**Student:** 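If you scroll down you'll find the structure; I have some questions about it.
When a ligand or atom number is given, it counts from 1 through the structure's own listing order. Note that the coordinates shown come from a computational prediction; the quantities given were computed from them, not determined experimentally.
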Amino acid sequence: MCIFCNIVDGKIPNQTVVQNEEFLAFNDISPLAKIHVLIIPKAHISSFNEVSPQTMANMTSFIQEVVKKLNIKDNGYRLITNIGKEGGQEVEHLHFHLLAGEQLGKII
Ligand code: AMP
């Protein structure tokens, strides 16, 4: 079973930020910014390549909830999803990195 499915099942501990029936937001174990949260669907979806438009729509609302909870809407933040080998994806379970809490370096 994939590592994020084990987190969803409670077999691996996590620092939860927000969750609902469909999604979980938790702190990244190796943060790359003061705030580094991972947002995942609880169901296993390998990457953005496989996600349905309906799930993405629900995920958008959930991510906006996380942003509200963290109070980062006005200062700004970055959302990234790595896809596949050349995209740098290491965990094959769809996740968005939410980075915030400081001035982020320009990457693109
Ligand atoms: P990616 O390289 O886009 O697949 O990102 C995977 C992310 O998962 C990395 O930022 C890791 O630090 C993070 N990660 C791996 N294992 C855990 C864990 N047990 N708890 C929290 N974050 C994790």
**Student:** Could you see which bit of Thr81 sits under 4.0 Å from ligand 1, with heavy atoms only: side chain, backbone, both or neither?
**Tutor:** neither
**Student:** List every atom of ligand 1 that sits less than 4.0 Å from any heavy atom of Asn27, numbering the atoms from 1 in the order shown and giving each element.
**Tutor:** 21 (C)
**Student:** Please report whether ligand 1 has a polar contact with Gly88, defined as an N or O pair separated by less than 3.5 Å (distance criterion only).
**Tutor:** yes
**Student:** For the pair Arg78 (side chain) and Gly105 (backbone), establish whether a donor and an acceptor sit closer than 3.5 Å, ignoring hydrogens and angles.
**Tutor:** yes
**Student:** Taking only heavy atoms of Leu38 into account, list the atoms of ligand 1 that are under 4.0 Å away from them.
**Tutor:** 8 (O), 13 (C), 22 (N)
**Student:** Identify the two heavy atoms, one from Ile39 and one from Met59, that lie closest to each other, and give their separation to 0.1 Å.
**Tutor:** O-CE, 3.3 Å
**Student:** Quick check on contacts: which atoms of ligand 1 are under 4.0 angstrom from a heavy atom of Glu90?
**Tutor:** 1 (P), 2 (O), 4 (O)
**Student:** With heavy-atom distances below 4.0 Å as the criterion, list the atoms of ligand 1 near His97.
**Tutor:** 1 (P), 3 (O), 5 (O), 7 (C), 10 (O)
**Student:** Pick, from Asn82, Asp28, Val37, Val91, the option with the minimum heavy-atom distance to atom 9 (C) of ligand 1.
**Tutor:** Asp28
**Student:** Can you check whether His93 and His95 have ring centres sitting under 6.0 Å from each other?
**Tutor:** no
**Student:** Is the count of non-hydrogen atoms from other residues, nucleotides or ligands lying under 6.0 Å from Glu102 atom CD greater than 12?
**Tutor:** yes
**Student:** Show the atoms of ligand 1 that are less than 4.0 angstrom away from any heavy atom in Ile7.
**Tutor:** 18 (C), 19 (N), 20 (N)
**Student:** What orientation do Phe48 and Phe96 show, parallel under 30°, tilted 30 to 60°, or perpendicular over 60°?
**Tutor:** perpendicular
**Student:** What protein heavy atom sits nearest atom 16 (N) of ligand 1, and how far off is it?
**Tutor:** Ile3 CD1, 3.7 Å
**Student:** Counting each atom of ligand 1 from 1 as listed, which ones have a heavy atom of Phe4 under 4.0 Å away?
**Tutor:** 8 (O)
**Student:** Can you tell me how far CG of Asp9 sits from NZ of Lys42, rounded to the nearest 0.5 angstrom?
**Tutor:** 10.0 Å
**Student:** Please determine whether the number of non-hydrogen atoms from other residues, nucleotides or ligands lying under 6.0 Å from atom CD of Glu50 exceeds 12.
**Tutor:** yes
**Student:** Can a non-hydrogen atom of Leu32 be found less than 4.0 Å from any atom of ligand 1?
**Tutor:** no
**Student:** How close do Ala25 and Val37 get, counting heavy atoms only, and between which atoms?
**Tutor:** CB-CG1, 3.9 Å
**Student:** Do any nitrogen or oxygen atoms of Gln89 come within less than 3.5 Å of a nitrogen or oxygen of ligand 1?
**Tutor:** no
**Student:** Looking at every heavy atom in both Leu99 and Ala33, which two are closest together, and how far apart are they?
**Tutor:** CD2-CB, 4.1 Å
**Student:** Is any N or O atom of Ile29, backbone or side chain, closer than 3.5 Å to an N or O atom of ligand 1?
**Tutor:** yes
**Student:** Starting from atom 5 (O) of ligand 1, which protein heavy atom do you reach first, and at what distance in Å?
**Tutor:** His95 NE2, 3.1 Å
